[in-house]
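One structure is given here, and the rest of the page talks about it.
All values below come from the heavy atoms of this structure, side chains included, with hydrogens, waters and symmetry mates left out.
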Amino acid sequence: EDYPVQAEVEWLPKEGEILSLAPHMHMRGKAFRYTLERAGASEIVLDVPNYDFNWQHVYQLSQPIPISEDLKIHCEARFNNSETNLVNPDPNIAVKWGDQTWQEMMVGFLDVAVDRDANIEMPWSKRVAGTNNENGANEQRRKDAEQFIRRFDADGDGRVSRAEVPTEFAVFAFRNMDHDKDDAITLEEAASEDR
């Protein structure tokens with residue numbers, strides 16, 4: 001009834017600001033908490049004690065949190081995979097990570113703002129084709145964008161409308177990818193460096 005899962009944000013830029021937090025789990029999700037640690041002190045910055053899959057939010061911070069090299073972000077989720085969870089798809093199975101609602105996720109999303117002119121080395125660009133070059137990063141963004149379009153483009157028109165994505169994801173997706181604000185995300189927008 002109260003199974004804990006913990007994670008730590010693996011990478012942050014050396015400077016910038018955290019603007020918002022968005023916990024994500026599926027039907028067995030029970031609670032989610034973000035804790036910041038800096039200079040030996042810790043502070044809970046978001047506590048969602050009664051998580052509900054049908055009521056997911058992006059929590060915009062009233063004051064951005066400055067990023068420094070010593071900042072660590074811990075996430076702790078709690079899950080209820082018992083029969084007492086009335087929306088549990090199946091309390092008798094071993095639960096694994098998966099995209100489907102009957103599977104499970106534990107993701108601590110966050111939005112970060114950095115200076116546009118800052119020279120920031122993204123760790124995922126090193127994993128692209130074993131290099132840290134712009135072509136590799138562009139290729140990975142394109143692959144990610146193609147996967148996004150395939151997953152959500154229900155009507156097959158080559159673009160994703162607000163109606164085609166879950167409501168809880170629409171705010172995040174359209175704020176970050178709908179550059180021309182026409183309520184549709186194209187492959188080019190999803191693959192943009194500014195997403």
Side-chain angles (χ1 to χ4, degrees), residues 1-12 18 20-35 44-60 72-112 122-125 127-128 139-178 184-185 187 189-191 195:
E1 290 187 18
D2 198 36
Y3 186 82
V5 175
Q6 297 183 9
E8 184 172 301
V9 174
E10 293 183 357
W11 180 85
L12 285 168
I18 299 170
S20 65
L21 306 168
H24 181 76
M25 299 183 287
H26 290 171
M27 304 308 286
R28 295 169 182 88
K30 178 179 178 179
F32 203 104
R33 176 182 289 170
Y34 288 81
T35 304
I44 296 170
V45 292
L46 178 63
D47 190 13
V48 182
N50 296 305
Y51 182 88
D52 185 330
F53 178 74
N54 296 303
W55 196 57
Q56 297 181 57
H57 290 287
V58 174
Y59 294 87
Q60 293 184 331
K72 292 190 183 335
I73 301 175
H74 302 281
C75 297
E76 181 179 350
R78 297 201 168 264
F79 293 88
N80 182 350
N81 189 36
S82 74
E83 292 178 0
T84 65
N85 178 353
L86 299 179
V87 296
N88 188 349
D90 187 348
N92 300 310
I93 63 169
V95 181
K96 297 184 178 180
W97 178 275
D99 289 339
Q100 303 305 314
T101 305
W102 50 268
Q103 296 169 317
E104 215 25 272
M105 284 189 180
M106 186 274 203
V107 182
F109 290 109
L110 50 105
D111 286 326
V112 174
M122 305 293 187
W124 48 87
S125 63
R127 296 195 295 261
V128 178
E139 182 180 327
Q140 186 63 47
R141 275 196 306 275
R142 183 78 178 188
K143 286 180 183 178
D144 292 345
E146 289 169 354
Q147 182 180 6
F148 172 80
I149 298 294
R150 274 195 310 273
R151 180 173 178 188
F152 292 109
D153 181 20
D155 63 11
D157 68 352
R159 42 190 249 145
V160 174
S161 69
R162 280 188 183 270
E164 292 175 309
V165 296
T167 303
E168 63 274 1
F169 182 58
V171 172
F172 171 81
F174 281 82
R175 181 179 64 222
N176 292 299
M177 290 188 271
D178 183 18
I185 299 171
L187 178 62
E189 286 175 314
R195 66 184 171 152

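- Distance CE/Met25 to CG/Asp52: 10.0 Å, rounded to 0.5 Å.
- In this structure, Ile44 and Arg33 have side chains that are in contact, with non-hydrogen atoms separated by less than 4.5 Å.
- Using a distance-only test at 3.5 Å, with no hydrogens or angles considered, a donor-acceptor pair links the side chain of His26 to the main chain of Gln100.
- The shortest heavy-atom contact between Ala191 and Ala145 is N-CB, 3.5 Å.
- For the pair Val165 and Val160, the minimum side-chain heavy-atom distance is below 4.5 Å.
- In this view, Asp155 and Asp153, Asp157, Glu164 satisfy the side chain to side chain contact (heavy atoms under 4.5 Å, CB included) rule, not counting sequence neighbours.
- Within the structure, the side chain to side chain donor-acceptor pair (under 3.5 Å) test picks out the following pairs touching residues 85-98 (sequence neighbours left out): Arg28-Asn88, Asn81-Asn88.
- Cys75 places a side-chain heavy atom less than 4.5 Å from the side chain of Met106.
- Using modelled atom types, no side-chain atom of Gln147 and backbone atom of Lys143 make a donor-acceptor pair closer than 3.5 Å.
- The CD1 atom of Ile185 lies 10.5 Å from the CZ atom of Arg159; values are rounded to the nearest 0.5 Å.
- Looking at residues two or more places apart in sequence or on another chain, you find a side chain to side chain contact (heavy atoms under 4.5 Å, CB included) between Val45 and Leu21, Tyr34, Leu36, Glu43, Ile65.
- Side-chain contact between Asp178 and Glu189: present, with at least one pair of heavy atoms (C-beta onward) separated by less than 4.5 Å.
- To the nearest 0.5 angstrom, Thr84 atom OG1 is 3.5 Å from Glu1 atom CD.
- Shown here for Phe174 and Ala184, the closest heavy-atom pair between the two residues is CE2-N, 3.6 Å.
- At least one side-chain heavy atom of Thr101 sits under 4.5 Å from a side-chain heavy atom of Phe53.
- Remark: Tyr3 OH is loosely packed, at most 12 non-hydrogen atoms of other residues, nucleotides or ligands lying under 6.0 Å away.
- A distance of 13.0 Å separates NE2 in His57 from OG in Ser20, rounded to the nearest 0.5 Å.
- A donor-acceptor pair shorter than 3.5 Å cannot be found between the side chains of Gln6 and His74.
- The two residues Ala31 and Pro49 have their closest heavy-atom pair at CB-O, 3.7 Å.
- Residue Tyr51 is tested with Gln56, Lys30, Arg78 for a side chain to side chain donor-acceptor pair (under 3.5 Å); the sole match is Gln56.
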When you look at Arg142 and Leu187, which way does the side chain to side chain contact (heavy atoms under 4.5 Å, CB included) test go after all the steps? CA-CA 8 Å; Arg142 183 78 178 188; Leu187 178 62; 3.1 Å; yes
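- Annotation: the span from Asp99 atom CG to Glu104 atom CD amounts to 12.0 Å, rounded to 0.5 Å.
- In this structure, the side chains of Asp47 and Thr35 stay at 4.5 Å or more apart for every pair of heavy atoms.
- Considering only heavy atoms from C-beta on, Glu8 stays 4.5 Å or farther from Glu10 through its side chain.
- When all heavy atoms of Pro23 and Val48 are compared, the closest pair comes out as CG-CG2, 4.2 Å.
- Between atom CZ of residue Phe79 and atom CG of residue Asp2 there is a gap of 11.0 Å, rounded to the nearest 0.5 Å.
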